[in-house]
Student: 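For reference, the structure I am asking about is given below.
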Amino acid sequence: MEMEKSRPDSLKRVKLEENTKEKEKEGEDEKQSIVVIEETGTEDRKLKVARSPKTNPVLVPEIWEHVFRYLSRKEVITVINTCIEWNQLLDSKKTTLLLPDVLPFVLAYFDKPDLLLCRSISKTSKQIVDQTIQSYWISSEETFKVRYEDSDRFPLAVHAVSDSFRFTSKRDVETFIQTLNLQEHLNEDQNLNENHNNETNPFLTRSINILVNTPSSPQEVLYQQFFQSLQLLLTTYGRFIHRLNGVVWDMMNETQGITKMVHYLHQLPNLKILEITADSLAGEEIEVMGLPPLPSLEDLEYLDVSDILAESVATLFTQTYGTQLTTLVCEGSWLKLTSTEELVLKTLFPKLKRLRLEGVCPSTLSKLSNVNWPLEILHFDTFLTEEETATEIDKKMEQLILNAVRNFTQTLTQLEINADLTKLPQPQLADDDNHEEGAEAPLESDVEVMPKLKVLISEVSSMGSTLFWNFILSKCKKIEKIHFHTKHSSFENPMEVAKTAFDKLPNLEKIYFWPGPEEEDGVQRTVLTRATSLSSTPTGNPGVSQCQKS
């Protein structure tokens, strides 16, 4: 009887254990269903990602892909490189996600046809190509640069594209309008044009090239028609233009060509870069009071008046926009001849960072030594002597150059002197370390004059200038790169002399030698590089690695 009574209790325990195991199994099945949803028909790689402990918290792959849309491209690259599972999950998305970062680097190797073809791949590639072209072509810094090698095709390709927007006649304007189907908008009422809300930019480079000519009859009528048609085009689409290269060829009327150019400028409110050539006005004294007022171009930051040979016209532009300019290219003679008062000239360019002077004479350097401009890049293109005043000042040309350079001691980061300084009149100056009594020393030897100067560009023969080369080695300790032009140079053993700079300049990394086009012989440049350690120096010269030719 006792055995029969105890049996039901044991059965209860067995059933209870079975129920517990079933519940645990159901719980495991539920967990498994969370991890693997719709196992049938789901890609194996997604299942692998979903099961991986590295992807916790556990979400289905489709949700992770949605989450990744909110990441920046830099963060997506980090995710891809985290583990194999993440890399596999984003395998199909790599091209789309990484194209904006990769394409700008690839464009550097494209010529014009490839560049334009790349725009037709997709909407994204078109936007990237357009943005890359425009950011380069309307950059004041890039426009100011002097390039020494052609291995980078991109600048040449963009320059070729910009030539497509050259207007020299009415026919050019008509062809442009017909090609881009702009006739409908240009036929609208002029009042509608002024308020036109069309956001389509017809200028790929956001730039145009204009020729202003003032011929005699009977061609005068044709050029007047050209002026009117281009004026109408700019009235409608001028707000998209950020760079203008204008050429004024005015042989018949000394003010008519400049007047037309000013009218064009009034249609370009967003202009950033302005380059004007008016070399037909050489020696002309133009009465600027008869010209229409220049427009207020609030975004203008780059001005090139180096080819405006009428001093009064160049002065008009520099005085009008001087306070907002960051970059200026002008003739050295303009500083010499300008009617701008000395006190006004001293503070005329409070934001100027880059200055290129073409045709520098002693009077130019004297004025440059007394201005208060925050220059970071200074470029002397060529040097002239003043024959009419060939006195002692011409004999101290090199000293005047150094005086002008020292005036920008606290701001200058790059200096370019495009001249063979050994051909300039050499003053009798002694070295810092061994100067005779009474001799003029350029600077105190214990003063670091140029604390921010990092890049030097000059003719290789300038190493033969004792004053200049000693100044660089002893007073410019922060220099990191030196570029030398070797074209037509007769300087002997330039590399051996240049190697000594690595001992004198502790921050110097590389010295470049650029040959002229007719001297290349397949070699674009030669580079001396500082060795990382003395043991890696195969040349026997401590601190200098073997030169590289490319």
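In what follows, residues are counted from 1 in the order of the sequence shown. Predicted, not measured: the structure shown is a model, and the values here were computed from it.
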Student: Less than 4.5 Å apart, any side-chain heavy atom of F408 and any of L378?
Tutor: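 Yes, their side chains come closer than 4.5 Å.
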
Student: So does E376 get a backbone contact from the side chain of T413, meaning a donor-acceptor N/O pair under 3.5 Å?
Tutor: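 Confirmed, T413 side chain pairs with E376 backbone.
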
Student: For a side-chain contact (heavy atoms from CB on, under 4.5 Å) check, start with the C-alpha distance between F484 and I457, then their side-chain angles and the critical distance, and finish with the verdict.
Tutor: CA-CA 6 Å; F484 284 125; I457 305 171; over 6 Å; no

Student: Enumerate donor-acceptor pairs with a distance under 3.5 Å from any side-chain N or O in residues 345-354 to protein atoms, sequence neighbours excluded.
Tutor:
residue : atom : partner : partner atom : Å
R354    : NE   : T327    : OG1          : 2.9
R354    : NH2  : T327    : OG1          : 3.2

Student: As an exercise, state the distance from CD1 of I128 to CD of Q131, rounded to the nearest 0.5 Å.
Tutor: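 So the CD1 of I128 and the CD of Q131 are separated by 7.5 Å.
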
Student: Where is the tightest heavy-atom contact between N403 and S369, given as atom of each residue plus distance?
Tutor: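 Here N403 and S369 meet closest at C-OG, 3.7 Å.
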
Student: One pair to check against side-chain contact (heavy atoms from CB on, under 4.5 Å): I208 and L234. What are the steps and the verdict?
Tutor: CA-CA 10 Å; I208 58 172; L234 297 182; 3.8 Å; yes

Student: Measure the CG-CH2 distance between L309 and W334 for me, rounded to the nearest 0.5 Å.
Tutor: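 With rounding to 0.5 Å, CG (L309) is 14.5 Å from CH2 (W334).
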
Student: Closer than 4.0 angstrom, basic N to acidic O: yes or no for K145 and E142?
Tutor: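 A salt bridge links K145 with E142.
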
Student: Quick check on side-chain contact (heavy atoms from CB on, under 4.5 Å): which of D304, L294, L300 does F317 satisfy it with?
Tutor: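 Output: one option passes, namely L294.
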
Student: Donor-acceptor pair, S462 side chain versus S458 backbone, under 3.5 Å?
Tutor: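 Not confirmed, S462 side chain does not pair with S458 backbone.
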
Student: Is it the case that more than 12 heavy atoms not belonging to E174 sit under 6.0 Å from its CD atom?
Tutor: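 It does: E174 CD has more than 12 such atoms within range.
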
Student: Under the side chain to side chain donor-acceptor pair (under 3.5 Å) criterion, do E311 and T315 qualify, and how do the steps go?
Tutor: CA-CA 6 Å; E311 178 273 326; T315 299; 2.6 Å; yes

Student: Below 4.5 Å, heavy atoms only, C-beta onward: do K112 and V158 meet side chain to side chain?
Tutor: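 Contact flag for K112/V158 side chains = no.
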
Student: Taking all heavy atoms of I479 and all of I482, pick out the closest pair and write down the distance.
Tutor: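 Reported closest heavy-atom pair: CG2-CG1, 3.7 Å.
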
Student: Taking the side chain as every heavy atom from C-beta outward, state whether L357 and L355 have any atom pair closer than 4.5 Å.
Tutor: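 The answer is yes; the side chains approach within 4.5 Å.
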
Student: Heavy atoms, side chains only, cut-off 4.5 Å: are F468 and I417 in contact?
Tutor: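 Counting from C-beta outward, F468 and I417 do come under 4.5 Å.
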
Student: Go through the steps to decide whether S122 and T124 satisfy the test side chain to side chain donor-acceptor pair (under 3.5 Å), and finish with yes or no.
Tutor: CA-CA 5 Å; S122 66; T124 301; 4.6 Å; no

Student: Do the side chain of N270 and the main chain of R239 share a donor and acceptor less than 3.5 angstrom apart?
Tutor: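 Yes, because the side chain of N270 sits within donor-acceptor range (under 3.5 Å) of the backbone of R239.
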
Student: Going by an N to O cut-off under 4.0 Å, is there a salt bridge joining K510 and E480?
Tutor: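 Answer for the salt bridge query: no.
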
Student: Checking the side chain of N370 only, and the main-chain atoms of S366 only, is there a donor and an acceptor separated by less than 3.5 Å?
Tutor: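 It does hold such a pair.
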
Student: Is there a side-chain contact between I241 and R206 (heavy atoms, below 4.5 Å)?
Tutor: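 Side-chain contact under 4.5 Å: no.
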
Student: With the side chain counted from C-beta on, respond yes when N201 and Q134 share a heavy-atom pair under 4.5 Å apart, and no when they do not.
Tutor: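 They are in side-chain contact.
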
Student: With heavy-atom distances below 4.5 Å as the criterion, would you say the side chains of V329 and Y302 are in contact?
Tutor: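 Result yes, sub-4.5 Å side-chain heavy-atom pair found.
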
Student: Are the side chain of E275 and the backbone N or O of S306 linked by a donor-acceptor pair below 3.5 Å?
Tutor: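 A pair under 3.5 Å: no.
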
Student: Which pair of heavy atoms, one from F165 and one from S207, lies closest together, and at what distance?
Tutor: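 Residues F165 and S207, closest heavy atoms: CB-O, 3.6 Å.
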
Student: Report the distance from atom OG1 of T143 to atom NZ of K272, rounding to the nearest 0.5 Å.
Tutor: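 Taking OG1 in T143 and NZ in K272, the distance rounds to 9.0 Å.
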
Student: What closest approach, in Å, do S125 and R119 show between heavy atoms, and which atom pair accounts for it?
Tutor: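 In this case the closest contact between S125 and R119 is OG-O, 4.1 Å.
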
Student: How close do C330 and V305 get, heavy atom to heavy atom, and via which atoms?
Tutor: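 Closest pair (atom of C330, atom of V305, distance): CB-CG2, 3.9 Å.
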
Student: Go through the side-chain N and O atoms of E301 and T326 and say whether any donor and acceptor fall under 3.5 Å apart.
Tutor: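 On atom types as modelled, these side chains do not qualify, holding no pair under 3.5 Å.
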
Student: Taking atom NZ of K170 and atom OG1 of T175, what is their separation to the nearest 0.5 Å?
Tutor: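 The OG1 atom of T175 is 11.5 Å from NZ of K170, to the nearest 0.5 Å.
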
Student: To the nearest 0.5 Å, tell me how far L271 CG sits from R243 CZ.
Tutor: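 Nearest 0.5 Å value for the CG-CZ distance: 10.5 Å.
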
Student: Are W137 and H242 an aromatic pair, judged by ring center distance below 6.0 Å?
Tutor: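 So the answer is no for these two rings.
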
Student: Under 3.5 Å, is there a donor-acceptor pair between the side chain of S139 and the main chain of Y136?
Tutor: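 Checking the backbone N and O of Y136 against the side chain of S139, no donor-acceptor pair under 3.5 Å is found.
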
Student: Atom NZ of residue position K481 - does it have more than 12 heavy atoms of other residues, nucleotides or ligands inside 6.0 Å?
Tutor: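 No, because the 6.0 Å sphere around NZ of K481 holds 12 heavy atoms or fewer from other groups.
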
Student: What's the verdict on side-chain contact (heavy atoms from CB on, under 4.5 Å) for V247 and I210, showing C-alpha distance, side-chain angles and the deciding distance?
Tutor: CA-CA 6 Å; V247 178; I210 298 176; over 6 Å; no

Student: List the residues meeting ring-ring contact (aromatic ring centres under 6.0 Å, His included) with Y321, not counting sequence neighbours, and say none if there are none.
Tutor: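 Listed in chain order: nothing, the list is empty.
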
Student: Taking all atoms of both residues into account, what is the closest heavy-atom pair of L115 and F110, and its distance?
Tutor: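 Minimum heavy-atom separation between L115 and F110: N-CB, 4.1 Å.
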
Student: Centre of F227's six-membered ring, under 6.0 Å away, within 45 degrees of the axis: is that where NZ or CZ of K260 sits?
Tutor: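 Yes, K260 and F227 form such a contact.
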
Student: Looking at D381 and R356, does any basic side-chain N land under 4.0 Å from a carboxylate oxygen?
Tutor: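 Looking at R356 together with D381, the answer is no, because their closest N to O distance does not fall below 4.0 Å.
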
Student: Please work out which of the three classes, parallel, tilted or perpendicular, describes the rings of Y512 and W514, given edges at 30° and 60°.
Tutor: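 W514 and Y512: parallel rings.
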
Student: Sub-3.5 Å donor-acceptor pair from the side chain of S120 to the main-chain atoms of L116, do we have one?
Tutor: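 Looks like no, no N/O pair under 3.5 Å.
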
Student: Kindly say whether D307 contributes a backbone atom to a donor-acceptor pair with the side chain of T277 at under 3.5 angstrom?
Tutor: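 It does not hold such a pair.
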
Student: Just do the side-chain contact (heavy atoms from CB on, under 4.5 Å) check on Q267 and Q231 with the steps written out, would you?
Tutor: CA-CA 8 Å; Q267 309 304 326; Q231 183 84 340; 3.6 Å; yes

Student: Tell me whether N209 contacts the main-chain N or O of L244 through its side chain, where contact means a donor paired with an acceptor under 3.5 Å.
Tutor: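 Pair absent, no side-chain N/O of N209 close to backbone of L244.
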
Student: Would you mind reporting whether L107 and V129 have side-chain heavy atoms less than 4.5 Å apart?
Tutor: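 V129 vs L107: side chains touch.
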
Student: If you round to the nearest 0.5 Å, how far is CG of D130 from CZ of F203?
Tutor: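 Between atom CZ of F203 and atom CG of D130 there are 14.0 Å.
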
